[in-house]
Amino acid sequence: MSSGLYKALKGMKDIMPPDIHIWQDIEKKAREIFASYGYLEIRTPAVESTSVFIRSIGEDTDIVEKEMYTFQDKGGRSITLRPEGTASVVRCYVENNLHGLPSPQKFYYMGPMFRYERPQSGRFRQFYQIGVEAFGSSRPEIDAEVISMLAHLLSGIGLQELHFQVNSIGCEKCRPGFKEALLSFFEGSFDELCVDCRRRYSQNPLRILDCKVGRCIEIRKGAPSVLDHLCIDCRDHFQKLLELLEMLGIRYTVNPEMVRGLDYYTRTTFEVTSENLGAQNAVAAGGRYDRLVKEFGGPETPAIGFALGMERIVELLKMTLKYDLPAPEVFIAVIGERAGREGVRIVDDLRAGGVWAELGDWTSSLKSQMRRADRLSAGLVFVIGDDEIQSGHVKWKKLADAATGEVRISGIRDFIIEGKQA
RNA sequence: GUGGGCGUAGUUCAACGGUUAGAGCACUGGACUGUGGCUCCAGGUGUUGGGGGUUCGAAUCCCCUCGCCCACCCCA
C-alpha cells in the first residue's frame, strides 16, 4: 500500500534508480550511434496545435479518434500533447525551412509521448520514444541506412533475438488499386468478418490483414498481397532495399500483412518485435512517409524514420542485465565533532577532484557509520578521530576484502586518485 | 471503451465469519565503549484502498467506488 496524499496519474510512472541508469545507458548509446550516422539532435515542444496531429496521423486512426490528450488553452486554441514524434519534427522541418539545407537532413529526438489509453503491460499514457527522421532522399539506400542504424542500436545496447519485419505498402499510385482488390476479395465474405473488420472494410481495408480474430484470419487466406500490387517504382524500391539489407547482413522477414497504425506511411514500413514482452511486443517501428512534408506545406520531400519504445527496451534489458546502484568510492567515518569538521574538508577536497566521497555523521556511532558505508557499498573507508588528527595519519579499509593500510591525511586525495589510475 | 484478476506494516506475504490483525525482509539501537557483512536481543508502524450493507461479531460475505495488474482494442 502506498502512503502519501498524491499518486502519479494513471499510466504515468516515476523513473528512478536503479532503472534510470538503464535509461541513461540507452540514451548514451543512441547518441553515439546516431552521431556516427550523421544524425543530429532536434528538440521540439511536447505540445502542438491539435491539427498538426490530425493532419499527419490521420482523421480516422485510433490515435486521433480516441487516444489524444487534447485541451483548450486559455486563448481557446485546441492543443494536444504529442502522441508521437514524427508530426512535430515534420512541422519543425517545414516551419524552419530546413529543406533549404543540403539534403538529406537527418535528425533524432528523444522524449515523452502521450496517449490516453488503458494501460497494460508495455503500454503507458506517458511513454518515451527515441526516434530518427531523414528528410530529402527517396533512395532505398537511406531506408537501409535507417534500418541498419536501428539494428546496430538494438544490438549495441545488448538486445538479441529481435525479429525484424519489413513490408512495402505502396504509394499513392498503386495503393488505390490494391484497396480495390481487397474490397472485392472480401466482398463475398463480408458478413462473416468480425465487427471491427466490417468497419475496417469501409474505413481502412488494409487493416483487415492485421486482424487477430481467428475467423478473419481464415477468411483472408488467399487475399491479394500488397506486394503483387506495387507499381514498378515501388517494387523496384522495395527490391533494392531487400538486397541492401541482405548485403548488410540484417536478418528480416517480409511480412506483406504488416500494416502500420498511422496513415502517413508510404512504401517501406518496418517493425521490430520481441517474443519476451507480452501483448505489446513492438519495440520499434517506422517507415517512409514521402508525402507528409508536402502535406505540411513544404516542398515535395521524401522522408523516412522510426521510433523505439524506451519502456519496452528497458523491460527487455532488465531480463538479462543486472544493474546495481552506483556506489561511492570513499566513505569518511568520523569520531567527534573536531573530526567531523575535518571530514567536511576532506570530502569536499575529494569531490573537487572528481571522486564520489560520502561523509559519516559524527553524532552517530562508528558502528552505524561503518554499517552505512557497507550499505552504500563504498570502496574505501577512512576512520578519522582525534588520534588521527594528532598524528596526521589515518587508516583506510577496503570493504570488499577488508584490506587495510595507512596514509597521511594530507595525502588522501593523491592516494585515491593514483589508486584510480592504477 | 470492454472483459478478467488483485488491493492487509516501508516491502513480500499470513490470518476456518470469532480475543488486542501476525511473520520474514528492511529500518534503528544494543551485545561488540574506535571498524561493516554473520549471529543474538530489543524497538516502532497499519484508517486491512475508500464508502455503505448483512451479522451479536467483517480483513474475510454482498453492493458501490477508487487504484493497480493483465487481456481485448490499438500500438512504441
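Heavy-atom basis, side chains included; hydrogens, waters and symmetry copies ignored. Lettering follows sequence order; numbering is per chain, from 1.
Rounded to whole Å, atom C1' of B/C75 lies 14 Å from atom CE of A/M113. Here B/C72 presents its P atom at 9 Å from CZ of A/R123, a figure rounded to the nearest Å. Here B/C38 presents its P atom at 13 Å from CG of A/L399, a figure rounded to the nearest Å. One interatomic measurement links the two molecules: CG of A/D374 to C1' of B/C38, which rounds to 11 Å at whole-angstrom precision. Atom CD in A/E67 sits about 15 Å away from atom C1' in B/U2, given to the nearest Å. When the C1' atom of B/A76 is taken as reference, atom CG of A/D62 falls 15 Å away, rounded to whole Å. What separates CZ of A/F331 from P of B/G37 is a distance of 14 Å, to the nearest Å. In this structure, the CG atom of A/L153 is 14 Å from the C1' atom of B/A76, given to the nearest Å.
Residues passing the side-chain hydrogen bond (donor to acceptor under 3.5 Å, both in side chains) test with A/D73 are A/R77, sequence neighbours excluded. Annotation: side-chain hydrogen bond (donor to acceptor under 3.5 Å, both in side chains) contacts of A/T70 (sequence neighbours excluded): A/T80. Partners of A/F296 according to the ring-ring contact (aromatic ring centres under 6.0 Å, His included) rule, which considers only residues two or more places apart in sequence or in another chain, do not exist here.
Comparing the C1' positions of B/G3 and B/G44 gives a spacing of 43 Å, expressed to the nearest Å. Rounded to the nearest Å, the gap between the C1' atom of B/C27 and that of B/A9 is 12 Å. Look at the P atom in both B/G34 and B/G51: the space between them is 50 Å, to the nearest Å. The same atom, P, is picked in B/U60 and in B/G53; the two are 14 Å apart, to the nearest Å. To the nearest whole angstrom, the two C1' atoms, one in B/G36 and one in B/U28, are 16 Å apart. For the C1' atoms, the distance linking B/G4 with B/G18 amounts to 33 Å, nearest Å. Atom C1' of B/A23 sits at a distance of 29 Å from the matching atom of B/C66, rounded to the whole Å. On the C1' atoms, B/G5 is 25 Å away from B/G10, given to the nearest whole Å.
In this structure, a donor-acceptor pair under 3.5 Å is present between the side chains of A/E133 and A/T86. Side-chain N/O atoms of A/E41 and A/Y39 include no donor and acceptor closer than 3.5 Å.
A salt bridge (Lys or Arg N to Asp or Glu O under 4.0 Å) check over residues 177-195 of chain A, counting only residues at least two apart or in different chains, returns the pairs A/E192-A/R215.
The aromatic ring centroids of A/F164 and A/Y252 lie 6.0 Å or more from each other.
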Open item on the list: What does the B/S/- profile of nucleotides 28-34 of chain B look like, 5' to 3', with a 4.0 Å heavy-atom cutoff to protein?
Closed with: SSS-B-B
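Figure legend. B/U28 is base-paired to B/A42; pairs are counted as Watson-Crick or G-U wobble with both atom distances under 3.5 Å. In this structure B/U20 sits in no base pair that meets the Watson-Crick or G-U test at under 3.5 Å. Here B/G3 sits opposite B/C70 as a Watson-Crick or G-U wobble pair (both hydrogen-bonding atom distances under 3.5 Å).
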Under-3.5 Å N/O pairs linking protein and nucleotides 64-70 of chain B:
unit_1	atom_1	unit_2	atom_2	d
B/G67	O2'	A/K7	NZ	2.9
B/C68	OP2	A/K10	NZ	3.1
B/C69	OP1	A/K13	NZ	3.0
B/C70	OP1	A/S121	OG	3.3
B/C70	OP2	A/S121	N	2.8

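Contacts of A/A373 with the nucleic acid, taken as non-hydrogen atoms under 4.0 Å apart, are absent. A/E271 comes within 4.0 angstrom of no nucleic acid atom, judged by non-hydrogen atoms across all strands. Within 4.0 Å (heavy atoms only), A/A402 reaches at least one base atom of the nucleic acid.
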